[in-house]
Amino acid sequence: MKKILCAFSALLVSGMIFAATMDSKVRSVPKAITEKVFSSPKEGLPLLVKHLTQGANGASGKVKVMHDWICDNIAYDCEMYFSAGKIENQDYESVLKKRKAVCAGYTSVMNAMCYYAGIESIGVYGYSKGFGYTGKLDGIDHAWNAIKLGGKWQLVDCTWDAGYVDYKTYVKHYTDEWLFLDPKFFIYSHLPEKEEYQYLKEPITQEQFVKEPYIAGKFFRKGFSLGKEIPDYTTVIDGAKSFEFGISQSGISITSVIRERKGGRSVENSTWINRMGNKFTVDFDVPDNKEYRAVIFAKKISEENFNDRFAIQEFAQHVQQTEALLAAKKITQREKDFFESAFFKSEENGVYYPLEDLFATERNNAVKKIFRLLGISANMHEPVLDFLIKASPEYSGYGNIKKYPSCYASYDTATSTRLIEPISGSLKKGEKVRFEISSKDYIGIAYKGDGNPELLKKDAKTGNFIGEFEIPDTDRVIIYGTKNNKNLTGLWFYTVE
């Protein structure tokens, strides 16, 4: 077995999502088998695999339930990962006895389980755009599985599907993002050391892998596709830069942001999304000559995604608030206890993280109920595409202004609404400004300055909504959409200077 410094997922923090579908058989294993697996793996693992795969829907169903069991039972070994590269004892027996592993150990366990299930599986070693990736390859840093199903090799990364690491703390967070992801999508984050393990008709080079951005598996799973031009991992711009993407699924909300590379502070009003049917564009710009991280986020509108980490004071405040909810008889003592037990405090940084258990239905429902009562947003988006962006030597950035308007959540979900003008984050009072918007989401578009909203006129030729207004002495100008000419929904707003 190769000794590698295993990388974990590049985009570390996701929302607390309660909609993941882990196979329930992982919790139906008899106690005697479970104990045997962790005390005597050679004897226990065949029994476990037989129990898990019995009645499974074909070979792919067997791999799915084994993948889920690994994600549910093996924790990431942060102590080993941060031990100056001293990676050892990653054979499946050592991993099962310890119940901890880095990527090589996750891969070993999956290989062993597949062996007992009569399925061909190999460990693939290579490079990844995981934690610590700097835009260049510094040696083999990750391992995953290639599993042969129906004569075709499928790729699986149990390490990244089991959870993530934040500031030396492992946080259990199940996904199936990297389970059977098509090799042509897998390649945006995983590059095998040996070309034949790419499983592509036209393998890419190391140079191409380094040049391309990190694209999460969920980007493709949510129905996104790439346009003719995609960002470089480090994109250098001479002004606002636009990229086009496709989207095939409905009910998806999309946002974007750029963040300071050091410190992670978001730079507001530096990106803009226009979405028309099955395509959307994202414009990016930078305020100065620093290097930033550009991220596109997405979520299914039907999903409830909550914040998944709380600072000490913030969590203490929430606990206090649950006391008030209990006193007001809005929750029960049992629900309050569930809420407090659903998080753990990291000894590394004192932050509270969710203690994930997808099968703790009553507890999870109590947490969701309390979040709603506390007004904690369930609208957290997940990062799906990530790259670095900076100004060229000839470009000094857009300066100390608001480059683009500020958006309301309703605009993030609009599927066919495009702002034509003005595309600016701020307007000057006293100026006459022409507004033009194209929309199939709304039958009317309204402008609001310092008075009542005014509907824009619909142009007979273009079908666009058009209006010209003198900007008043007010804090902001708001653009609304209406679907019935009665109720107004905020789309975006401009700051007035």
Side-chain angles (χ1 to χ4, degrees), residues 5 7-14 126-139 141-142 160 164-167 177 185-191 204-220 224-245 254-273 280-298 381-404:
L5 187 60
F8 40 84
S9 184
L11 295 171
L12 298 179
V13 180
S14 298
Y127 312 91
S128 71
K129 290 173 180 170
F131 180 80
Y133 180 71
T134 60
K136 61 181 180 180
L137 305 182
D138 294 322
D141 69 354
H142 197 40
W160 286 13
Y164 61 89
V165 175
D166 188 32
Y167 200 80
E177 180 179 356
F185 302 144
F186 213 82
I187 199 67
Y188 285 102
S189 53
H190 298 66
L191 178 70
I204 71 168
T205 63
Q206 288 189 7
E207 291 74 20
Q208 185 177 348
F209 180 76
V210 169
K211 183 177 185 294
E212 292 174 337
Y214 171 87
I215 306 179
K218 58 176 70 77
F219 176 90
F220 303 103
F224 294 115
S225 58
L226 299 168
K228 292 181 180 179
E229 182 184 8
I230 67 172
D232 291 338
Y233 185 82
T234 300
T235 296
V236 181
I237 61 175
D238 294 311
K241 181 69 175 178
S242 181
F243 295 99
E244 183 178 277
F245 303 93
I254 310 169
T255 65
S256 58
V257 73
I258 69 166
R259 291 174 172 164
E260 293 178 344
R261 194 173 181 194
K262 293 183 179 179
R265 184 183 68 87
S266 296
V267 182
E268 303 298 335
N269 305 90
S270 292
T271 70
W272 184 255
I273 295 175
F280 69 96
T281 59
V282 188
D283 294 354
F284 297 92
D285 207 344
V286 293
D288 48 42
N289 58 8
K290 296 177 184 177
E291 190 171 63
Y292 293 89
R293 184 169 296 279
V295 188
I296 296 175
F297 300 86
H381 290 56
E382 297 180 285
V384 296
L385 189 148
D386 178 7
F387 62 97
L388 302 179
I389 188 168
K390 63 180 181 179
S392 70
E394 295 76 28
Y395 179 52
S396 58
Y398 61 76
N400 187 28
I401 62 170
K402 291 186 176 182
K403 177 72 177 182
Y404 300 108

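Remember, predicted model here, so these are calculated numbers, not experimental data.
For the residue pair Ser242 and Asp283, a side-chain donor N or O sits within less than 3.5 Å of a side-chain acceptor on the partner.
Both tests pass for Lys129 against the ring of Phe209: distance under 6.0 Å to the centre and angle within 45° of the axis. Geometric assessment of Lys241 against the ring of Phe243 yields a positive cation-pi assignment under the 6.0 Å and 45° thresholds.
In terms of heavy-atom proximity, Phe297 sits nearest to Ser256 at CD1-CA, 4.3 Å. Here the closest non-hydrogen pair linking Gly239 and Asp285 is C-OD1, 3.9 Å. Residues Lys218 and Pro383 share a closest heavy-atom pair of CD-O, 3.7 Å.
Counting heavy atoms from C-beta outward, Asp288 and Val267 have side chains that stay 4.5 Å or more apart. With contacts defined as side-chain heavy-atom distances shorter than 4.5 Å, the pair Lys390/Val236 qualifies. Counting heavy atoms from C-beta on, the side chains of Leu226 and Phe245 come closer than 4.5 Å. At a threshold of 4.5 Å between non-hydrogen side-chain atoms, the residues Leu137 and Leu191 count as touching.
Summarising the geometry, atom OG1 belonging to Thr235 is positioned 8.0 Å from atom NZ belonging to Lys211; distances are rounded to the nearest 0.5 Å. Taking NE2 of His190 as the start and NE2 of His142 as the end, the distance is 4.0 Å to the nearest 0.5 Å. With rounding to the nearest 0.5 angstrom, the OH atom of Tyr292 is 13.5 Å from the OG1 atom of Thr271. With rounding to the nearest 0.5 Å, the separation of CH2 in Trp160 from CD in Glu177 is 8.5 Å. For the atom pair Ile258 CD1 and Phe284 CZ, the distance stands at 9.0 Å (nearest 0.5 Å). Glu244 CD to Ile230 CD1: the interatomic distance, rounded to the nearest 0.5 Å, is 13.5 Å.
Residue Glu207 forms a side-chain contact (heavy atoms from CB on, under 4.5 Å) with just one option from Ile204, Val210, Thr205, and that option is Thr205.
With sequence neighbours left out, Lys402 forms a salt bridge (Lys or Arg N to Asp or Glu O under 4.0 Å) with no residue at all. In terms of the ring-ring contact (aromatic ring centres under 6.0 Å, His included) criterion, residue partners of Phe185 (sequence neighbours excluded) are, by chain and number, Phe220.
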Check: What do the steps show when you test Leu385 against Phe224 for side-chain contact (heavy atoms from CB on, under 4.5 Å), and what is the final call?
Finding: CA-CA 10 Å; Leu385 189 148; Phe224 294 115; over 6 Å; no
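Between Tyr404 and Tyr398, the ring center distance fails the sub-6.0 Å criterion. The aromatic ring centroids of Tyr133 and Tyr233 lie less than 6.0 Å from each other.
A distance-only check finds no donor-acceptor pair linking the side chain of Asp238 to the backbone of Tyr395 [under 3.5 Å].
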